[in-house]
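Here is the structure we will look at, set down as C-alpha cells.
Below, each value reflects all heavy atoms present in this structure, side chains not excepted, and no hydrogens, waters or symmetry copies. Remember, predicted model here, so these are calculated numbers, not experimental data.
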Amino acid sequence: MRFRRRVECVFAAALIAVAGATGSKAAPLESERMNVLFISVDDLRPELGAYGAPVVTPNIDRLADAGLRFDHAYAQVSACAASRAALLTGTYPHTSGVYLMRPSLGEANPGLVTMPQLFKDAGYETMLPRGPVTEGADVSDDTYLDGKLAAHAVAELRRLKDRPFFLAVGFVRPHLPFNCPRRYWDLYDRRNIVLPDTISRERVPLAQWHGNYEPAMYQGGRTNSQLTGRRLIHGYRA
C-alpha cells in the first residue's frame with residue numbers, strides 16, 4: 001500500500017494544481033494556476049546522492065532538498081512501461097492491465113484517466129518533451145548523433161588500421177525522427193516528391209503493412225495530410 005499512497009500523492013498534487021478549473025466552482029485566473037514540469041527518468045534506481053549513495057548528482061540533490069523526497073515508493077513491476085502506467089494513473093498493474101511492455105495502457109485499459117489527460121481536461125496545454133518528427137538545423141554533421149558516431153568510427157579505424165579487427169558501427173538514421181543537417185534537406189525539392197496512390201491497408205499484403213502509429217509519437221507527426229507525408233519522405237531521403 002505504501003507505493004499506492006505515494007502515487008496517490010502525485011495525483012493529489014495534480015488535483016490541487018487544476019482545482020477549480022472544472023466542476024461547479026469558477027475557474028481560477030491564469031495567473032493563479034500552478035504550472036507543472038514533470039520530469040521522468042526511466043529505470044533510475046535511488047543511486048543518488050540525495051539517498052545517500054556514493055555518487056555525484058548535485059542537480060537532483062538540490063531538487064530533492066527543495067522538494068518532497070519519497071523514501072518508500074516501489075515499482076510494481078520490473079518493467080518501465082508498467083511503472084509509467086502506475087505512476088500516470090495511480091493504479092496497480094492488475095487494474096491498468098499493463099504488466100510488461102505490451103499491451104500499451106491505451107490498449108489495456110482505455111477508460112483510465114491519466115495525469116496529462118487530467119490537466120488537458122482542465123484547460124492546460126499538455127506536451128511531451130520529445131522533439132519534432134523532422135528537423136533540419138543549419139549545423140555541422142557532428143552536431144547530430146550519427147555524425148558523432150561516424151567521427152568516432154573513423155577515429156577507431158585509424159587506431160586499428162595496423163591490426164586485424166572487426167568493427168561494428170550502428171547508425172540511428174533513417175529511423176525516426178528524421179533529423180539531419182539542413183544541407184542534406186536542400187538536396188531535394190519537396191514539391192517533386194510523389195506520394196503513393198493509396199495507403200489503404202486493403203491493397204497491401206499483411207507482411208508488408210506497417211501502421212503509422214510511430215510518427216504520431218513525435219511533434220508534428222500525428223496528421224495524415226499529404227503535406228506531412230511529403231515532409232516525412234523528404235526527411236527520410238535527407
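For residues 83-106, the set of pairs meeting the salt bridge (charged side-chain N to carboxylate O under 4.0 Å, His left out) definition, not counting sequence neighbours, comprises Asp42-Arg84.
The residues Arg183 and Asp141 are annotated as salt-bridged, a charged nitrogen and a carboxylate oxygen being separated by less than 4.0 angstrom. Using a 4.0 Å cut-off between charged side-chain N and carboxylate O, Asp146 and Lys148 make no salt bridge.
Not one N or O on the side chain of Arg182 forms a donor-acceptor pair closer than 3.5 Å with the backbone of Ala137. With hydrogens and angles ignored, the 3.5 Å screen pairs a side-chain donor or acceptor of Trp185 with a backbone N or O of Glu135. A donor-acceptor pair under 3.5 Å links the side-chain atoms of Arg69 to the main chain of Ala50, judged by distance alone. For Arg158 (side chain) and Ala153 (main-chain N/O), no donor-acceptor pair under 3.5 Å exists by modelled atom type.
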Could you tabulate the donor-acceptor pairs under 3.5 Å formed by side-chain atoms of residues 52-59, not counting sequence neighbours?
| residue | atom | partner | partner atom | Å |
| --- | --- | --- | --- | --- |
| Thr57 | OG1 | Gly49 | N | 2.9 |
| Thr57 | OG1 | Asp61 | OD1 | 3.0 |
| Thr57 | OG1 | Asp61 | OD2 | 3.4 |
| Asn59 | OD1 | Arg62 | NH2 | 2.4 |

Distance-only donor-acceptor hits, side chain of residues 166-178, under 3.5 Å, sequence neighbours excluded:
| residue | atom | partner | partner atom | Å |
| --- | --- | --- | --- | --- |
| Arg173 | NE | Pro177 | O | 3.0 |
| Arg173 | NH1 | His175 | O | 3.4 |
| His175 | NE2 | Glu214 | OE2 | 3.3 |

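In this structure, His94 NE2 and Asn109 CG are separated by 11.5 Å, a value rounded to the nearest 0.5 Å. Between the CG atom in Asp121 and the OG1 atom in Thr126 there is a gap of 9.0 Å [rounded to 0.5 Å]. To the nearest 0.5 Å, atom CG of residue Leu145 and atom NE2 of residue His152 are 11.5 Å apart. For the atom pair Leu227 CG and His234 NE2, the distance stands at 12.0 Å (nearest 0.5 Å). Taken to the nearest 0.5 Å, the CG atom of Leu232 stands 9.5 Å off from the CD1 atom of Ile193.
No continuous path of hydrophobic side-chain contacts links Leu37 to Leu63 [ILVMFWY only; heavy atoms under 4.5 Å]. Under the 4.5 Å side-chain heavy-atom criterion for grouping Ile, Leu, Val, Met, Phe, Trp and Tyr, Tyr51 is connected to Ile60 within one hydrophobic cluster.
No more than 12 heavy atoms of other residues, nucleotides or ligands lie within 6.0 Å of OH in Tyr236, so this atom counts as exposed by the packing criterion. Remark: Asp138 CG is loosely packed, at most 12 non-hydrogen atoms of other residues, nucleotides or ligands lying under 6.0 Å away.
At a threshold of 4.5 Å between non-hydrogen side-chain atoms, the residues Thr114 and Leu105 count as touching. Between Leu88 and Phe38 the shortest side-chain heavy-atom distance falls below 4.5 Å. When side chains are defined from C-beta on, Asn179 does not count as touching Val133, because their heavy atoms never get closer than 4.5 Å. The shortest distance between side-chain heavy atoms of Pro132 and Tyr218 does not fall below 4.5 Å. Residues Ser96 and Thr91 form a side-chain contact, since some pair of their non-hydrogen atoms from C-beta on lies under 4.5 Å apart.
Taking both residues in full, the closest heavy atoms of Val98 and Ala108 are given as CG2-CB, 4.0 Å, listed atom of the first, atom of the second, then distance. Between Leu160 and Phe165 the shortest heavy-atom distance is O-CD2, 3.3 Å. In terms of heavy atoms, Gly229 sits closest to Leu195 at C-CD2, 3.9 Å.
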